[in-house]
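Read through the structure below, which is laid out as structure tokens, and then see the notes.
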Amino acid sequence: MSKTIFEELSWRGLVYDATPEFDAWTASGSRTAYIGFDPTASSLHVGSLLPIMGLARMQRFGHRPVALVGGGTGLIGDPSGKTAERQMLTRDAVEENLRGIQTQLEPFLDFGAVSNAALMVNNLDWLGPMGLVEFLRDVGKHFTVNYMLAKESVKRRVQSEDGISYTEFTYMMLQAYDFLELSRTHDCDIQMGGSDQWGNIMAGIDLVRKASSRKAHGLVFPLVTNASGTKFGKTESGTIWLDPERTSPYRFYQFWLNTDDRDVVPYLKYFTWLSEDAISELSDIHEAQPGRREAHRVLAREVTALVHGEAERDQAEEAAAVLFGGALDKVPVKDLRDIFDDVPSTVLPREAFSGDGTGILELCERTGLTASRGEARRLVRAGGLFVNNERQGDEQAVITASHLIEGELLVLRKGKKSYHLVQIEA
RNA sequence: GGACAGGUACCGAAGCGGUCAACCGGGCUGGACUGUAAAUCCAGUGGCUUAGCCUUCGGAGGUUCGAAUCCUCCCCUGUCCA
């Protein structure tokens, strides 16, 4: 007997909370479910991967996924999980962000399926033209202020010193109205989201019931946690975006590969399509031989391929092999340029390396690899500076043309992972 | 407006006339170990032409051979009183 979508989400640990009849409802027919995406940035980041996969999983179970981008609500700002009033975005900014997000959703959802094709909607389409009077009559009437004040997201802000603006206070009603609208126009009666959306989703379910006497359902995913206590999706070098322009596939791959041991199995469940059996097998391998990092590798491979495609994934793997493998001089310059595509680089004139060349300390400072020569000096003394992947332990060393790979490239490295490319002016 | 308390490097926090570029902890950066991990251990953490020199301890002056340390004025923060 095959699983229901609810059972599927359950074993993956994706059900933080759900309305009581979610399972029965989704098991008994093809339904339509939506998740809202916030256009506060022009790209989604790995944090959005969970809801995106949620929609995709729904679709695989025969349901119709609707991705709602918040063109209208994005202009307002959701107070959930926020402690301060949010910055308002301009219409243009929201527009631009919407386009970016749409392209990123496309690989995950099948928009051409015959019976349950995915759908993308923008709530600006119905929120935009709606007048205030109309809104207050049709939506506002169904909400008591008491009800809204009782919601956690509002309560916290009401108690805070800076309070909450009327605009953000109203956000919940707008999102609830989205649900009503989708229920009317697309027969959508399920909303999913992050656990912080529970309050908003309940508000939507209530509104649908009051305004159209229909029963709606909701399910929220857990907050993705990180065993090391940092915020998921952030690294020292910043947020991990889905947009390859912002986070290169290489970095993306590395992000997953460097997952904390304790998180690897949950992440496999969250972010991949692998079966329960496959994951438990990986889990066993990891238990037995953690050093192999088989689970990490599979996680990185799967997710990178999912987001960036297999070609990009393979290239990211090759790059890693070279970067962590050793000698660079065997690799053609052309490939090196590819591998170091997203690494900071500096272009220096050829004269810098002719004759007496440039001192190693000066080079570090000029390229910005270190903030000062003093820092460079300490780095060299500590044995943390590498030129073309060979440790450079002499602070008096001078770099000349003979160090350049094929006469045009120099790879500086600080520590294990911090690379800097030096190119010669053409 | 008045009374205290206090402002020290990325953060917290010592120092209270010379031995202070400034204890210590955190963070950060390297190194060792390892699995491109965690934990642990070690080193470094103002700049420089580095056995030395230069610029720092809220700001500006002053006392002194010598000040982060004492004095004066100013600015800011916290608490209490009005």
Side-chain angles (χ1 to χ4, degrees), chain A residues 46 161 225-238 240 247-268 282-304 313-328 331 336 339-344 356-399 411-420:
Chain A
V46 288
E161 204 165 303
T225 54
N226 198 317
S228 55
T230 52
K231 195 172 181 217
F232 174 74
K234 302 264 190 213
T235 66
E236 319 77 64
S237 42
I240 303 297
T247 300
S248 71
Y250 171 73
R251 281 209 187 292
F252 188 85
Y253 180 91
Q254 288 292 320
F255 167 76
W256 295 101
L257 189 65
N258 286 322
T259 298
D260 191 289
D261 283 13
R262 292 163 289 181
D263 293 324
V264 112
V265 172
Y267 286 8
L268 281 166
L282 282 169
S283 172
D284 290 345
I285 294 176
H286 178 64
E287 287 288 318
Q289 296 169 281
R292 265 178 70 190
R293 293 196 304 156
E294 191 62 24
H296 295 75
R297 211 171 305 281
V298 172
L299 176 67
R301 283 181 61 82
E302 290 289 323
V303 184
T304 308
R313 186 270 311 276
D314 291 345
Q315 202 180 328
E317 275 194 314
E318 276 168 39
V322 172
L323 260 44
F324 294 98
L328 290 179
V331 186
L336 282 179
I339 291 168
F340 291 105
D341 194 31
D342 63 314
V343 150
D356 293 339
T358 303
I360 189 68
L361 301 183
E362 192 184 336
L363 197 61
C364 285
E365 194 210 355
R366 270 176 82 173
T367 57
L369 187 69
T370 61
S372 68
R373 307 181 53 135
E375 192 187 321
R377 192 185 307 272
R378 289 192 291 269
L379 184 67
V380 170
R381 285 179 183 170
L385 181 73
F386 297 80
V387 177
N388 294 336
N389 270 3
E390 279 177 35
R391 176 168 282 156
Q392 181 51 262
D394 176 13
E395 59 190 83
Q396 304 298 334
V398 169
I399 303 302
V411 179
L412 297 178
R413 189 178 104 216
K414 183 174 89 168
K416 285 196 180 80
K417 297 179 188 175
S418 190
Y419 282 90
H420 191 105

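Protein chains get the first letters and strands the later ones, always in sequence-line order, with residue 1 at the start of each. Below, all heavy atoms of this structure are taken into account, side chains as well, without hydrogens, waters or symmetry copies.
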A/D394 side-chain N/O to A/Q396 backbone N/O, donor-acceptor pair under 3.5 Å: yes
How far, in whole Å, is B/C20 from B/C71 if one measures between their P atoms? 23 Å
Pairs under 3.5 angstrom, nitrogen or oxygen only, protein versus nucleotides 39-44 of chain B, please.
from  : atom 1 : to     : atom 2 : distance (Å)
B/G44 : O2'    : A/R378 : NE     : 3.2

Contacts of type side-chain contact (heavy atoms from CB on, under 4.5 Å), residue A/R292, not counting sequence neighbours: A/I285, A/Q289, A/E294
C1'-based separation of B/C16 from B/C11 [nearest Å]: 23 Å
Strictly by Watson-Crick or wobble contacts shorter than 3.5 Å, is anything paired with B/G17, and which nucleotide is it? none
Which atoms form the tightest heavy-atom contact between A/T304 and A/P249, and what is the distance? CG2-O, 4.2 Å
Can you check the distance between B/G15 and B/G1, where both ends of the measurement are the C1' atom (answer in whole Å)? 35 Å
Close N or O pairs between protein and nucleotides 35-37 of chain B (under 3.5 Å):
from  : atom 1 : to     : atom 2 : distance (Å)
B/G35 : O4'    : A/G291 : O      : 3.3
B/G35 : O6     : A/D261 : OD2    : 3.1
B/G35 : N1     : A/D261 : OD1    : 3.2
B/G35 : N1     : A/D261 : OD2    : 2.7
B/G35 : N2     : A/D261 : OD1    : 2.8
B/U36 : O2'    : A/N258 : OD1    : 3.3
B/U36 : O2     : A/Q254 : OE1    : 3.0
B/U36 : N3     : A/Q254 : OE1    : 2.8
B/U36 : N3     : A/Q254 : NE2    : 3.4
B/U36 : O4     : A/Q254 : NE2    : 3.3

Who pairs with B/G12 - Watson-Crick or G-U, where each distance is under 3.5 Å: B/C24
Starting at the 5' end of nucleotides 20-26 of chain B, put B wherever the base has a protein heavy atom under 4.0 Å, S where only the sugar-phosphate does, and a dash everywhere else. -------
Could you tell me how far apart A/R391 (CZ) and B/G30 (P) are, to the nearest whole angstrom? 12 Å
So do A/L385 and A/I360 actually touch side chain to side chain, heavy atoms under 4.5 Å? yes
Under the side-chain contact (heavy atoms from CB on, under 4.5 Å) rule, collect the residues that match up with A/V265, sequence neighbours excluded. A/K269, A/I279, A/S283
Heavy-atom pair with the smallest gap, counting every atom of A/E365 and A/A371: CG-O, 4.3 Å
Report the base-pairing partner of B/A32 (Watson-Crick or G-U wobble, both distances below 3.5 angstrom), or none. B/U40
For a ring-ring contact (aromatic ring centres under 6.0 Å, His included) check, start with the C-alpha distance between A/Y250 and A/F255, then their side-chain angles and the critical distance, and finish with the verdict. CA-CA 9 Å; A/Y250 171 73; A/F255 167 76; over 10 Å; no
Whole-Å C1' distance, B/C41 and B/G78: 41 Å
Take atom P in B/U56 and the same atom in B/A67, then report the distance between them in whole Å. 12 Å
Considering heavy-atom distances to RNA chain B, does A/R262 or A/L361 have its closest nucleotide positioned more toward the 5' end? A/R262
Using side-chain contact (heavy atoms from CB on, under 4.5 Å), reason through A/E318 and A/I339 one step at a time and then give a plain yes or no. CA-CA 8 Å; A/E318 276 168 39; A/I339 291 168; over 6 Å; no
Restricting to pairs with a member in residues 253-264 of chain A, which pass side chain to side chain donor-acceptor pair (under 3.5 Å), not counting sequence neighbours? A/Y253-A/E317, A/D260-A/R262, A/D261-A/H296
Taking pairing as Watson-Crick or G-U wobble with both contacts under 3.5 Å, can you name the mate of B/G46, or confirm there isn't one? B/C54
State the pairing partner of B/U69; accept Watson-Crick or G-U wobble contacts with both distances under 3.5 Å, and report none otherwise. none
Keeping to residues at least two apart or across chains, list the side chain to side chain donor-acceptor pair (under 3.5 Å) pairs with something in residues 366-378 of chain A. A/R377-A/E395
Rounded to the nearest 0.5 angstrom, the CD1-CG distance for A/I399 and A/L363 is 6.5 Å
B/G6 versus B/G52 - spacing of their C1' atoms, nearest Å: 38 Å
Check: A/Y419 and A/L369 side chains under 4.5 Å, non-hydrogen atoms: no
Partner residues of A/F386 under the side-chain contact (heavy atoms from CB on, under 4.5 Å) criterion, sequence neighbours left out: A/R391, A/R413
Please name the nucleotide paired to B/G1 by Watson-Crick or G-U wobble geometry with both distances under 3.5 Å, or report none. B/C81
Output, in order, the C-alpha distance, side-chain angles, deciding distance and verdict of side-chain contact (heavy atoms from CB on, under 4.5 Å) for A/Y267 and A/V303. CA-CA 10 Å; A/Y267 286 8; A/V303 184; over 6 Å; no
Measure from CD on A/E287 to P on B/A38 and round the result to the nearest Å. 18 Å
RNA chain B contacts made by residues 368-375 of chain A, counting heavy atoms under 4.0 Å: A/S372, A/R373, A/G374
Establish, with yes or no, whether the OP1 or OP2 oxygen of B/G46 is under 4.0 angstrom from a side-chain nitrogen or oxygen of A/R377. no
Spacing of the P atoms in B/G44 and B/C23 (rounded, Å): 12 Å
What residues, two or more places apart in sequence or in another chain, satisfy side-chain hydrogen bond (donor to acceptor under 3.5 Å, both in side chains) together with A/H420? A/T346
Looking only at atom P, what distance separates B/C48 and B/G2, rounded to whole Å? 47 Å
